[in-house]
Amino acid sequence: MTQYLIANWKMNAPALPAWAQAVALACMNDEVEVVLCPPFTQLAAAQMVLTGTPIALGAQDCHAEDKGAFTGDISADMLKRSGCGYVIVGHSERRAYHGETDEQVRAKALAVLAHGLTPVICIGESEAEYNAGRTLEVITRQIDACVPEGEVIVAYEPVWAIGSGRTPTTQVVAGVHAEIKKRLHKPAPVVYGGSVKPENARDFLSLEAVDGLLVGGASLEGISFAQIVSAAG
Ligand code: PGA
């Protein structure tokens, strides 16, 4: 099965050409799909730089409607026209800072699917929920509420692991991914995200239930993300 390595640049804009060159050199394997999700303002430049490389383009969010009076928003239709093949939806930072609900995340995922793109739907428990042993209850509820039928990717991102330098053990990740796979309407790739680094990428990628990684901080440097890509396949 293909392994997905998705770079989420968040609100950061490193120089594209050097990044693309380093990462493209690491894409030696047809079984690995590498996706760059830069800020919206860099999509046009990224599309040019990535043309002719094996690196695909994605976006970090979209609106559920195709067009209309939604100041500051971008639709899945626009992202498709900008060359995107993937759209991250429901990232915990969107849920926390923009109040996105499960219903909105599902509507966004449906809009992405309607345009023939692949939504990368993020789910994951908070630290309090993790400590209370409620992880499976939370992710089950989120899958039922946010993940529509269709060709999706699910990203398991424990909120407490994002940007913190802390991760669940590989045993926990394997167990949660197995539960996610059981709960989905049909088989879909499930990627792990949260403090992935070149040092731990191989540990997660070697788990059978892990179909790739969603990487924030360590994706900003081309060399560091290239090391993560090299750990796949
Ligand atoms: P991180 O972010 O790799 O910096 O922890 C992951 C994410 O938020 O997708």
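Since this is a predicted model, take the numbers as computed values, not measurements.
- Grouping the Ile, Leu, Val, Met, Phe, Trp and Tyr side chains by contacts below 4.5 angstrom, directly or via other members, places Val196 with Trp160.
- With Trp9 contributing its side chain and Pro39 its backbone, the two residues share no donor-acceptor pair below 3.5 Å.
- A 4.5 Å side-chain heavy-atom check between Pro189 and Met1 finds at least one atom pair inside the cut-off.
- Hydrophobic clustering, with ILVMFWY side chains joined whenever heavy atoms are under 4.5 angstrom apart, groups Val152 together with Leu117.
- Between Lys10 and Glu93 there is a salt bridge, since at least one side-chain N of the basic residue sits less than 4.0 Å from a carboxylate O of the acidic one.
- For the pair Phe40 and Cys62, the minimum side-chain heavy-atom distance is 4.5 Å or more.
- Using a distance-only test at 3.5 Å, with no hydrogens or angles considered, no donor-acceptor pair links the side chain of Arg166 to the main chain of Ala161.
- The hydrophobic cluster containing Leu220 does not contain Ile6, counting ILVMFWY residues as joined when their side-chain heavy atoms lie under 4.5 angstrom apart, directly or transitively.
- In the hydrophobic clustering of ILVMFWY residues, with side-chain heavy atoms under 4.5 Å counting as a link, Ile153 and Val89 come out apart.
- Glu179 and Tyr156 form no side-chain donor-acceptor contact under 3.5 Å, judged by distance and modelled atom types alone.
- Side-chain atoms of Pro38 and Leu16, non-hydrogen and from C-beta on, never get closer than 4.5 Å to each other.
- The residues Arg106 and Glu103 are annotated as not salt-bridged, no charged nitrogen and carboxylate oxygen being separated by less than 4.0 angstrom.
- With sequence neighbours excluded, no residue satisfies ring-ring contact (aromatic ring centres under 6.0 Å, His included) with Tyr4.
- Inter-residue side-chain proximity for Asp61 and Val87 is flagged as unmet; no heavy-atom pair is nearer than 4.5 Å.
- Proximity of a side-chain donor or acceptor of Arg94 to a complementary backbone N or O of Ile88 within less than 3.5 Å is not detected.
- Residues Ile55 and Val120 fall into different hydrophobic clusters, defined by Ile, Leu, Val, Met, Phe, Trp and Tyr side chains chained together at heavy-atom separations under 4.5 Å.
- The shortest side-chain heavy-atom distance between Ser92 and Ile162 falls under the 4.5 Å cut-off.
- Counting heavy atoms from C-beta outward, Val215 and Leu5 have side chains that stay 4.5 Å or more apart.
- Judged by distance alone, the side chains of Trp19 and Glu221 never bring a donor and an acceptor atom under 3.5 Å apart.
- With hydrogens and angles ignored, the 3.5 Å screen pairs a side-chain donor or acceptor of Glu129 with a backbone N or O of Ser126.
- Atom CZ of Arg141 sits in a crowded spot, with more than 12 heavy atoms from other residues, nucleotides or ligands closer than 6.0 Å.
- The shortest distance between side-chain heavy atoms of Val190 and Leu184 falls below 4.5 Å.
- Judged by distance alone, the side chains of Gln227 and Ser224 never bring a donor and an acceptor atom under 3.5 Å apart.
- Under a 3.5 Å cut-off, the side chain of Gln47 and the backbone N or O of Ala44 do not form any donor-acceptor pair.
- In Ile223, the CD1 atom is not crowded: 12 or fewer heavy atoms of neighbouring residues, nucleotides or ligands sit closer than 6.0 Å.
- The shortest distance between side-chain heavy atoms of Leu207 and Gln171 does not fall below 4.5 Å.
- With hydrogens and angles ignored, the 3.5 Å screen pairs a side-chain donor or acceptor of Asn200 with a backbone N or O of Lys197.
- Applying the ring pair (Phe, Tyr, Trp, His ring centres under 6.0 Å) definition to pairs two or more places apart or across chains, those involving residues 65-116 are His63-Phe70.
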